[in-house]
Student: 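Have a look at the structure that comes next, please.
Just so we're clear, the structure is a prediction, and the values are computed from it rather than from any experiment. All heavy atoms count here, side chains included; hydrogens, waters and symmetry mates do not.
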Amino acid sequence: MKGIWLIIVFICGVLLPFQTGLNAKLGKSIESPGYASLLSFIVGALTVAIYLQFTRESLSWAGLKTASLYSIIGGGIIGAFFITASMLALPRIGMGLTFGIIIAGQMVTAVLLDQFNIMVSQQHSINAWRIIGVLLIISGVVIIKRF
């Protein structure tokens with residue numbers, strides 16, 4: 001079962017550059033990156049609404065009342081920033097560098113969140129191998145930028 005999730009998450013990574021590219025094309029077509037982001041979120045919300053019709057998920061209103069404000073709105077704000085900023089960066093610095101830097105930022109942050117047991121289900125300490133992995137990713141970004 002874990003293998004299936006590894007494949008699904010890999011597919012998510014494959015799809016992100018397509019999402020940014022499509023959003024950038026939409027923003028150029030309608031001459032508004034902001035409205036392109038908004039349309040992307042509307043279509044995304046509708047897609048999730050359709051998905052929910054096929055699942056047996058339910059909403060815990062009691063849980064929603066106890067959820068922190070930052071957990072309720074944080075993901076949406078971060079998602080809006082990500083979609084808009086990556087869409088604006090793409091034509092200026094290219095797909096490879098845009099996503100190289102995104103991945104480097106994700107890895108640095110993920111390793112730190114693991115180390116300090118923040119928003120993770122299991123703590124993973126920083127070690128030499130993790131540092132080497134992050135440095136290899138950063139090195140890849142530097143190579144992409146130079147060439």
Student: Can you find a heavy atom in the side chain of Ile102 that is under 4.5 Å from one in the side chain of Thr20?
Tutor: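 Ile102 does not reach Thr20 side chain to side chain.
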Student: Do you reckon Phe99 sits in the same ILVMFWY cluster as Ile138, going by side-chain contacts under 4.5 Å, direct or chained?
Tutor: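 No: no chain of side-chain contacts under 4.5 Å links Phe99 to Ile138.
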Student: Where do Ala104 and Ile137 come nearest, in terms of heavy atoms and distance?
Tutor: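 Heavy atoms of Ala104 and Ile137 come nearest at CA-CG2, 3.8 Å.
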Student: Quick check: do Val141 and Ile103 have side-chain heavy atoms less than 4.5 Å from each other?
Tutor: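 Sidechains of Ile103 and Val141: no contact.
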Student: Within a strict 4.5 Å, meaning less than it, do heavy atoms of the Thr98 and Met95 side chains meet?
Tutor: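 Side chain of Thr98 against side chain of Met95, heavy atoms only: no contact under 4.5 Å found.
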Student: Which heavy atom of Asn117 sits nearest to which heavy atom of Val120, and what is that distance?
Tutor: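 The pair with the smallest heavy-atom distance is OD1-CG2, 3.2 Å.
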Student: Taking the side chain as C-beta and beyond, is there a heavy-atom pair between Leu112 and Ile126 under 4.5 Å?
Tutor: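 With C-beta onward as the side chain, the pair touches.
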Student: Are Gln19 and Ser40 close enough that some pair of their side-chain heavy atoms sits under 4.5 Å apart?
Tutor: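 Answer yes - side chains close enough.
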Student: Would you say Gln123's side chain and Gln115's backbone share a donor-acceptor pair under 3.5 angstrom?
Tutor: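 Judged by distance alone, yes, a pair lies under 3.5 Å.
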Student: Under 4.5 Å between any side-chain heavy atoms of Ile101 and Lys145, yes or no?
Tutor: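 No. Closest side-chain heavy atoms not under 4.5 Å.
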Student: With a 4.5 Å cut-off on side-chain heavy-atom distances among I, L, V, M, F, W and Y, is there a chain of contacts connecting Tyr35 to Phe81?
Tutor: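 No.
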Student: Locate the shortest heavy-atom distance separating Ser86 from Ile83; write the atom from each residue and the value.
Tutor: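 Closest approach of Ser86 to Ile83, heavy atoms only: OG-O, 3.3 Å.
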Student: Quick one: closest heavy-atom pair of Ile144 and Gly96, and the distance?
Tutor: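 Looking at all heavy atoms of both residues, the closest pair is CG2-C, 3.9 Å.
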Student: Mind listing the closest non-hydrogen atom pair of Met87 and Ala36 along with its distance?
Tutor: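 Closest pair (atom of Met87, atom of Ala36, distance): SD-CB, 3.9 Å.
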Student: What's the spacing between Leu97 CG and Arg92 CZ if we round to 0.5 Å?
Tutor: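 The CZ atom of Arg92 is 13.5 Å from CG of Leu97, to the nearest 0.5 Å.
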Student: Just verifying a value: how many Å separate Phe54 CZ and Ile50 CD1, rounded to the nearest 0.5 Å?
Tutor: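 Phe54 atom CZ to Ile50 atom CD1 measures 7.5 Å (nearest 0.5 Å).
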Student: Side-chain heavy atoms under 4.5 angstrom apart, residues restricted to Ile, Leu, Val, Met, Phe, Trp, Tyr: same cluster for Leu38 and Leu26?
Tutor: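 As far as the 4.5 Å side-chain criterion goes, Leu26 and Leu38 are connected within one cluster.
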Student: Rounded to the nearest 0.5 Å, what separation is found between the CD1 atom of Ile7 and the SG atom of Cys12?
Tutor: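 Separation between the atoms: 12.5 Å.
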Student: Could you measure the distance from the CG atom of Leu136 to the CH2 atom of Trp129? Nearest 0.5 Å is fine.
Tutor: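 One finds 10.0 Å between CG of Leu136 and CH2 of Trp129.
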Student: Taking the side chain as everything from C-beta on, heavy atoms only, tell me whether His124 gets closer than 4.5 Å to Arg130.
Tutor: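 Heavy-atom side-chain distance check passes, below 4.5 Å.
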Student: Atom CD1 of Ile77 and atom CD1 of Ile72: how far apart are they, to the nearest 0.5 Å?
Tutor: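 CD1 of Ile72 is found 11.5 Å from CD1 of Ile77.
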Student: Do Leu64 and Leu69 land in one hydrophobic cluster if side-chain heavy atoms of ILVMFWY residues count as linked below 4.5 Å?
Tutor: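 In one cluster with Leu64: Leu69, yes.
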Student: Shortest non-hydrogen contact from Gly63 to Ser60?
Tutor: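 Result for this residue pair: N-OG, 2.9 Å.
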Student: Would you say Met119 ends up clustered with Phe116 if hydrophobic residues are merged whenever their side chains have heavy atoms under 4.5 Å apart, either directly or through other cluster members?
Tutor: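 They do share one cluster, since a chain of ILVMFWY contacts under 4.5 Å joins Phe116 to Met119.
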Student: Please check if the number of heavy atoms outside Phe41 that lie under 6.0 Å from its CZ is greater than 12.
Tutor: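 Yes, CZ of Phe41 has more than 12 neighbouring heavy atoms, counting only those of other groups under 6.0 Å.
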Student: From Ser37 OG over to Leu88 CG, what is the distance, rounded to the nearest 0.5 angstrom?
Tutor: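 Ser37 OG to Leu88 CG: 7.0 Å, rounded to 0.5 Å.
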